[in-house]
2 protein chains.
Amino acid sequence: MRLSEYEKLRISMDKPQAQELRIMHATLCKAIADPTRIALLYELSENPKHVNQLVEALKLPQATVSRHLKMLRERSMVYTRREGSYVFYTLADQRILDALDLMRAVKSDILNRHRSLAEVTGDL
Amino acid sequence: MRLSEYEKLRISMDKPQAQELRIMHATLCKAIADPTRIALLYELSENPKHVNQLVEALKLPQATVSRHLKMLRERSMVYTRREGSYVFYTLADQRILDALDLMRAVKSDILNRHRSLAEVTGDL
DNA sequence: TTTAGATATGCGGTTATCCGAATATGAAAA
DNA sequence: TTTTCATATTCGGATAACCGCATATCTAAA
């Protein structure tokens with residue numbers, strides 16, 4: 001065994017934390033794992049918008065948009081500011097968009113790879 | 001109306017595609033939205049590993065690991081190579097890890113923000 | 001061909017996610 | 001205060017995600 005007692009203790013104390021952190025990590029990722037929320041986040045990347053603007057942009061029922069926004073809000077990925085009777089939503093962190101862009105690029109590459117594979121095997 | 005007929009046609013043809021692309025985008029994001037798969041991907045970031053190595057690293061039932069690996073494989077996020085009776089899994093795209101790191105950084109910032117907020121309001 | 005080790009899958013049950021429809025809340029205007 | 005517009009929430013049902021357990025498949029060695 002190569003771990004000191006101190007290190008073992010530290011690890012055993014960190015393990016549950018590490019697990020919890022991974023759950024939080026996954027919780028944030030879940031927030032970007034839905035087509036509607038992806039669309040919402042890209043809408044907000046341009047500038048803050050209020051709910052009706054988002055409803056019009058996405059052409060989805062207001063309740064649906066509102067529920068998805070709530071989920072993003074609960075995770076602190078967007079924040080809100082009231083102006084008159086409108087509630088404006090703002091993207092809290094640009095890196096969320098960066099992560100989405102990365103995954104989108106990965107997706108494009110996978111699609112292209114599959115397409116050229118289909119060409120070769122004659123599946124087109 | 002400012003769109004030419006050609007542009008309108010292009011858009012109407014692209015719309016369903018755009019929706020489909022967003023679904024694929026979300027499908028890839030779903031793959032990183034689970035604590036177990038996050039752990040798997042970080043394990044594979046170091047170097048390719050076979051299933052038993054992953055089972056030992058994560059201390060989870062082999063069936064569980066295998067099923068999560070299947071999901072990543074079906075989405076082309078990892079690929080496999082057989083060596084004797086072992087199947088080695090390799091991370092297909094480093095950007096998947098980059099995206100995970102971004103989301104992890106966002107998560108840390110959110111946690112810290114909440115912690116310092118708790119200090120101020122005396123919730124610690 | 002039989003055995004053993006490594007990996008994958010099928011089945012059943014539990015929990016989580018998502019949505020539509022209706023309704024509640026909250027601010028502003030009448 | 002009543003009405004109106006914007007936004008949030010609740011309820012119920014459908015679907016999907018996840019897991020444990022058992023078992024199937026595949027490879028290599030005996």
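The basis for the numbers below is simple: all heavy atoms, side chains too, and nothing from hydrogens, waters or symmetry mates.
A:Leu28 is not connected to A:Met103 by any chain of hydrophobic side-chain contacts under 4.5 Å among Ile, Leu, Val, Met, Phe, Trp and Tyr, and they are in different clusters. Following chains of ILVMFWY side-chain contacts shorter than 4.5 Å, one can reach B:Met77 starting from B:Leu54, so the two form part of one hydrophobic cluster. Hydrophobic cluster membership is shared by A:Leu97 and A:Leu40, with clusters built from Ile, Leu, Val, Met, Phe, Trp and Tyr side chains linked at under 4.5 angstrom. Under the 4.5 Å side-chain heavy-atom criterion for ILVMFWY residues, no single connected hydrophobic cluster contains both B:Met24 and A:Ile32. Residues A:Leu44 and A:Leu58 are members of one and the same hydrophobic cluster, defined by side-chain heavy-atom contacts under 4.5 angstrom among Ile, Leu, Val, Met, Phe, Trp and Tyr.
Considering only heavy atoms from C-beta on, A:Cys29 comes within 4.5 Å of B:Leu100 through its side chain. Proximity of A:Leu111 to B:Leu21: side-chain heavy atoms (C-beta onward) are separated by under 4.5 Å at one or more points. Here the side chains of A:Ile96 and A:Leu41 are in contact, with some heavy-atom distance below 4.5 Å. Annotation: side chain of B:Arg81 is not in contact with side chain of B:Tyr89 (no heavy-atom distance under 4.5 Å).
The stretch residues 24-39 of chain B participates, sequence neighbours left out, in these side-chain hydrogen bond (donor to acceptor under 3.5 Å, both in side chains) pairs: B:Arg37-B:His68. Legend: ring-ring contact (aromatic ring centres under 6.0 Å, His included) pairs involving residues 33-64 of chain A, not counting sequence neighbours, sorted by first then second residue: A:His50-A:Tyr86, A:His50-A:Phe88.
Ranking C:dA22, C:dA6, C:dA8 by closeness to the B:Ser66 side chain, first place goes to C:dA8.
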Expected rows: protein N/O vs nucleotides 14-19 of chain C N/O, under 3.5 Å:
residue: C:dC18; atom: OP1; partner: A:Asp34; partner atom: OD2; Å: 3.2
residue: C:dC18; atom: OP1; partner: A:Arg37; partner atom: NH2; Å: 3.2
residue: C:dC18; atom: OP2; partner: A:Arg37; partner atom: NH1; Å: 3.3
residue: C:dC19; atom: OP2; partner: A:His68; partner atom: NE2; Å: 2.6

Considering only nitrogen or oxygen atoms on both sides, find all protein atoms under 3.5 Å from nucleotides 23-30 of chain C and state each distance.
residue: C:dA27; atom: O3'; partner: A:Gly84; partner atom: O; Å: 3.4

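Residues A:Arg95 and A:Asp98 are not paired through a salt bridge, judged by the lack of any N-O separation under 4.0 Å between the basic side chain and the carboxylate.
Contacts between residues 45-58 of chain B and DNA chain C, defined by a heavy-atom separation below 4.0 Å, involve B:His50, B:Val51, B:Asn52, listed by number.
OP1 or OP2 of C:dA8 lies within a sub-4.0 Å distance of a side-chain N or O belonging to B:Tyr89.
Read 5' to 3', the first and last nucleotides of DNA chain D with an atom closer than 4.0 Å to a heavy atom of chain A are D:dA6 to D:dT10.
With B:Thr64 contributing its side chain and B:Leu60 its backbone, the two residues share no donor-acceptor pair below 3.5 Å.
Taking for each of B:Lys70 and A:Ala63 the nucleotide of DNA chain C with the nearest heavy atom, the 5'-most of the two is the partner of B:Lys70.
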